[in-house]
Protein chains: 2
Amino acid sequence: MRIGELAQMGQCTEQTVRYYEKKGLLPAAARTEANYRIYDSAHVERLRFIRNCRALDMTHEEIRGLLDLMEQPASDCGGVNGLLDEHIAHVDARITELAALKRQLAGLRERCQSNQAVNECGILEGLASMETEPRRAPQSHLG
Amino acid sequence: MRIGELAQMGQCTEQTVRYYEKKGLLPAAARTEANYRIYDSAHVERLRFIRNCRALDMTHEEIRGLLDLMEQPASDCGGVNGLLDEHIAHVDARITELAALKRQLAGLRERCQSNQAVNECGILEGLASMETEPRRAPQSHLG
DNA sequence: TTCACACCTTGAAGCTACTATAGGGTCAAG
DNA sequence: CTTGACCCTATAGTAGCTTCAAGGTGTGAA
């Protein structure tokens, strides 16, 4: 099959497939005489694996880790479990961060219930007077 | 004051200040004869406002919106309230997404409790066989 | 044959919000 | 006169793509 069909199987665009190839997540495809990339079912499997990982918000780095571990099918899968545990920890950390953020925003929002003049708005006052604390390193890659 | 001091007041780096100037969040600074940027207390206020918004994970776009609204101090602050409400909705949406993600990851993690061979690992089986659903547009800018 | 049209190719630029690096200029103290 | 702290610009890199530009390929119809 050609790139369009593969992309469809992987629920992504052709550009994304080329991008994965460039980044080494997918191996370089064989080519037809016209220089078209050609794929088989092994590529479909690998692409779907990658897309599933992406759907779970794993980074390319994490996915690469899993793919590397899969290269030794007989070895122990402790590394896989560890990688997933770390990823779950990232998600947890981000949820915690966002919950704190939401509390802060809710507090700010309470400072202006009615429509009033911009220069008396409690929200803007709050934003102007907050004490910015130096941003610490993010606990997760999840934005 | 010069850029180093301003950056310190805003809990950010000098590069970040220059970046904000380039992006139009901060007005172009006056210069000394030696071409050094010079700032006063109004700049400090504006930078702190921006940094506080960033600490709340607002985008530059959202911050620009607030700054624009502040340019008309006498006008009604309904726009400010709306902007904040939308931002809170972004945070909420992201929390919901991440909670769903966490459930999915927990289900996946259960598929392999003990260390076994990689090619029999339930996690990798799960990742290979999941049905990727076409990724819908993100409900928030929060990664 | 020639045309349209769908499909494929590459490379480069754009997105967010910075961070880092290179290669230089300014200025006060020792 | 040199050291060191501070400042300047411009460029490239980060993640994970998306979009654009400018073209080549292949098939069916007029």
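Below, all heavy atoms of this structure are taken into account, side chains as well, without hydrogens, waters or symmetry copies.
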Report yes or no: does B:Asn52 contribute a side-chain atom to a donor-acceptor pair with the main-chain N or O of A:Leu127 at less than 3.5 Å?
-> yes

Report the distance from atom NZ of B:Lys22 to atom C1' of C:dT19, rounded to the nearest whole Å.
-> 13 Å

Length of the OH-P vector between B:Tyr39 and D:dC6, whole Å = 16 Å

Which part of the nucleic acid, if any, lies within reach of A:Glu61 when heavy atoms closer than 4.0 Å are counted: base, sugar-phosphate only, or nothing?
-> nothing

Would you indicate whether A:Glu125, at its atom CD, is surrounded by more than 12 heavy atoms from other residues, nucleotides or ligands within a distance under 6.0 Å?
-> yes

Send over the distance from A:Glu33 CD to D:dT25 P, rounded to a whole Å.
-> 11 Å

Nucleotide D:dT18, atom P - distance to CD of A:Glu14 in whole Å = 12 Å

Which residue lies more 5' along DNA chain C, comparing B:Lys23 with B:Arg2 via nearest heavy atoms = B:Lys23

Interatomic distance, A:Glu5 CD vs C:dA6 P [rounded to whole Å] | 18 Å

If only atom types and distance count, is the side chain of A:Arg109 paired as donor or acceptor with the main-chain N or O of A:Cys112 below 3.5 Å?
-> yes

Check whether any side-chain nitrogen or oxygen of A:Arg51 sits under 4.0 Å from OP1 or OP2 of D:dC17, and answer yes or no.
-> yes

Looking at A:Thr13, does any N or O in its side chain come under 4.0 Å of the phosphate oxygens OP1/OP2 on D:dT18?
-> yes

Quickly work out the A:Gln8 CD to C:dA6 P distance and round it to whole Å.
-> 15 Å

Between A:Tyr20 and A:Ala34, which is nearer to the 5' end of DNA chain D once each is assigned its nearest nucleotide?
-> A:Tyr20

Answer yes or no: does a side-chain N or O of B:Thr16 lie under 4.0 Å from OP1 or OP2 of C:dT19?
-> yes

With under 30° as parallel and over 60° as perpendicular, where do the rings of A:Tyr20 and A:His60 fit, or are they tilted in between?
-> perpendicular

With a non-hydrogen cut-off below 4.0 angstrom, is A:Arg18 in contact with a base, only sugar-phosphate, or nothing?
-> base

Ignoring hydrogens and angles, does a donor from either the side chain of A:Tyr36 or the base of D:dG26 sit under 3.5 Å from an acceptor on the other?
-> no

For B:Leu142 and C:dA17, what is the distance between atoms CG and P respectively, to the nearest whole Å?
-> 10 Å

Is there a side-chain polar atom (N or O) of B:Arg37 under 4.0 Å from OP1 or OP2 of D:dC8?
-> yes

N or O in side chain of A:Tyr19 less than 4.0 angstrom from D:dA15 OP1/OP2 = no

For atom CD of A:Gln15 and atom P of C:dT9, their distance in whole Å = 10 Å

Distance test, side-chain N/O of A:His60 to OP1/OP2 of D:dC17, below 4.0 Å = yes

Should we say atom CD of A:Glu45 is surrounded by more than 12 heavy atoms from elsewhere, each under 6.0 Å from it?
-> no

